[in-house]
Amino acid sequence: MFDSLSDKLGGIFDKLKRRGALKEADVRDAMREVRIALLEADVALPVVKDFIAGVTERAVGQEVMKSVSPGQMVVKIVNDHLTEMLGSDTNGISLLAVAPVPILMVGLQGSGKTTSAAKIAKRLKEKENKKVMMASLDIYRPAAMEQLKILGEQIGVPTLPIIDGQLPVDIAKRAMTAARLQGMDVILLDTAGRLHIDQALM
Ligand SMILES: Nc1nc2c(ncn2[C@@H]2O[C@H](COP(=O)(O)OP(=O)(O)OP(=O)(O)O)[C@@H](O)[C@H]2O)c(=O)[nH]1
Ligand SMILES: [Mg+2]
């Protein structure tokens, strides 16, 4: 997602950089393209609107018009704003606990828990040399467990064997035991999606 976003933004800024003096219309045109690039990269609409409004306000007018290199100025403003929006400092995942460290994926239905579990697993395995296992506690959505199994096969991360009819809490216990026995550093537990009307926690 970020690769294609930065490619698109790069293209937009290249056009800007080639211009000598930047007019309000140029900034607005560029912002229209930035808006499309952000929306295509799945950035939420209210966030995109705020972002574009903020950048346009800062870019159009004196700040840009009086600068020596207006195009560069817009690039800087967009860059500063993006950094502000995304947060400038990164927080790694703390694994300071007794292994196997459980990571529970919780969230609304369809918000990307299962996909993110696999992304985190792949990252921990490849970048941090951790022994990682994944287990699906999602007994509700059809094929949810198979989905995690297939992702595990794609990234070369083992998943807890599926046993039909087991409750989420029991699967979690089985996952912890299996991970401990197999000397795993991390066990990712993927839960079923939640809706605001759901009463039971699992
Ligand atoms: N564009 C985009 N799509 C994503 C991303 N992460 C997940 N998806 C897609 O969103 C859909 C739901 O992703 P899942 O990972 O299955 O979401 P989930 O939270 O596990 O869903 P439930 O288990 O049904 O609650 C799938 O079609 C994914 O391919 C992402 O970062 N960007
Ligand atoms: Mg899921």
Side-chain angles (χ1 to χ4, degrees), residues 1-12 33-52 81-93 100-128 130 132-176 178-179 184 186-202:
M1 172 185 126
F2 283 113
D3 284 349
S4 77
L5 182 59
S6 54
D7 280 355
K8 278 187 196 139
L9 292 178
I12 296 166
E33 291 187 55
V34 170
R35 180 189 163 94
I36 293 168
L38 291 174
L39 286 174
E40 281 179 353
D42 271 344
V43 180
L45 185 59
V47 177
V48 174
K49 280 186 172 166
D50 275 3
F51 181 77
I52 297 294
H81 229 75
L82 261 184
T83 314
E84 251 170 56
M85 186 174 79
L86 294 171
S88 44
D89 34 58
T90 51
N91 286 315
I93 298 175
V101 180
I103 297 179
L104 193 68
M105 306 298 294
V106 193
L108 291 174
Q109 264 180 22
S111 54
K113 295 177 294 297
T114 306
T115 312
S116 300
K119 286 182 184 172
I120 294 170
K122 183 172 177 349
R123 188 186 171 86
L124 289 175
K125 178 187 152 202
E126 290 175 7
K127 297 250 162 81
E128 301 190 25
K130 298 291 179 193
V132 188
M133 185 188 230
M134 302 189 293
S136 173
L137 314 185
D138 188 350
I139 57 172
Y140 302 104
R141 190 166 60 69
M145 296 180 141
E146 285 76 11
Q147 181 190 358
L148 190 72
K149 177 171 178 268
I150 291 167
L151 289 173
E153 284 162 6
Q154 287 172 353
I155 59 171
V157 165
T159 44
L160 187 75
I162 299 170
I163 298 181
D164 287 335
Q166 229 180 2
L167 291 172
V169 174
D170 297 323
I171 303 173
K173 286 180 186 157
R174 182 160 62 88
M176 291 307 293
M184 296 291 165
V186 179
I187 170 79
L188 279 140
L189 301 168
D190 183 30
T191 70
R194 314 285 312 147
L195 284 182
H196 59 291
I197 49 168
D198 289 336
Q199 291 291 330
L201 279 175
M202 274 215 177

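Both counts, for ligands and for their atoms, begin at 1 and track the order of listing.
At least one side-chain heavy atom of Lys49 sits less than 4.5 Å from a side-chain heavy atom of Arg35. The closest side-chain heavy-atom distance from Val157 to Lys122 is not below 4.5 Å. Taking 4.5 Å as the limit, every side-chain heavy atom of Val34 sits out of range of all side-chain heavy atoms of His81. Residues Lys130 and Val101 are not in side-chain contact: their nearest non-hydrogen atoms beyond the backbone lie 4.5 Å or more apart. Counting heavy atoms from C-beta outward, Val186 and Ile93 have side chains that stay 4.5 Å or more apart. Within the 4.5 Å cutoff, no side-chain heavy atoms of Met134 are placed close to those of Asp190.
Ligand 1 is approached by Gly110 to a heavy-atom distance shorter than 4.0 Å. For Ala144, the closest heavy-atom approach to ligand 1 does not fall below 4.0 Å.
Heavy-atom proximity to Arg141, at under 4.0 Å, picks out these atoms of ligand 1: 22 (P), 23 (O), 24 (O). Close contacts between ligand 1 and Thr115 involve ligand atoms 6 (N), 7 (C), 13 (O), 14 (P), 15 (O), 28 (C) [criterion: under 4.0 Å to a heavy atom]. Below 4.0 Å from some heavy atom of Gln147 lie the following atoms of ligand 1, by number and element: 16 (O). Of all the atoms in ligand 1, the ones that sit under 4.0 Å from a non-hydrogen atom of Gly193 are 25 (O). Near Lys119, the atoms of ligand 1 lying under 4.0 angstrom from a non-hydrogen atom of the residue are 31 (O).
For ligand 1, the polar-atom distance check against Ser116 finds no nitrogen or oxygen pair separated by under 3.5 Å. Taking only nitrogen or oxygen atoms, main chain and side chain alike, Ala192 does not reach within less than 3.5 Å of ligand 1. Among the atoms of Thr191, none of the N or O lies under 3.5 angstrom from an N or O of ligand 1. Between Gln109 and ligand 1, no pair of N/O atoms sits closer than 3.5 Å.
Residues Gln147 and Arg141 have side chains that bring a donor and an acceptor to within less than 3.5 angstrom of each other.
Note on Thr114: counted as a metal contact of the Mg ion (ligand 2), an N/O/S atom lying under 2.8 Å.
In this structure, the side chain of Lys125 engages the main chain of Ile155 through a donor-acceptor pair within 3.5 Å.
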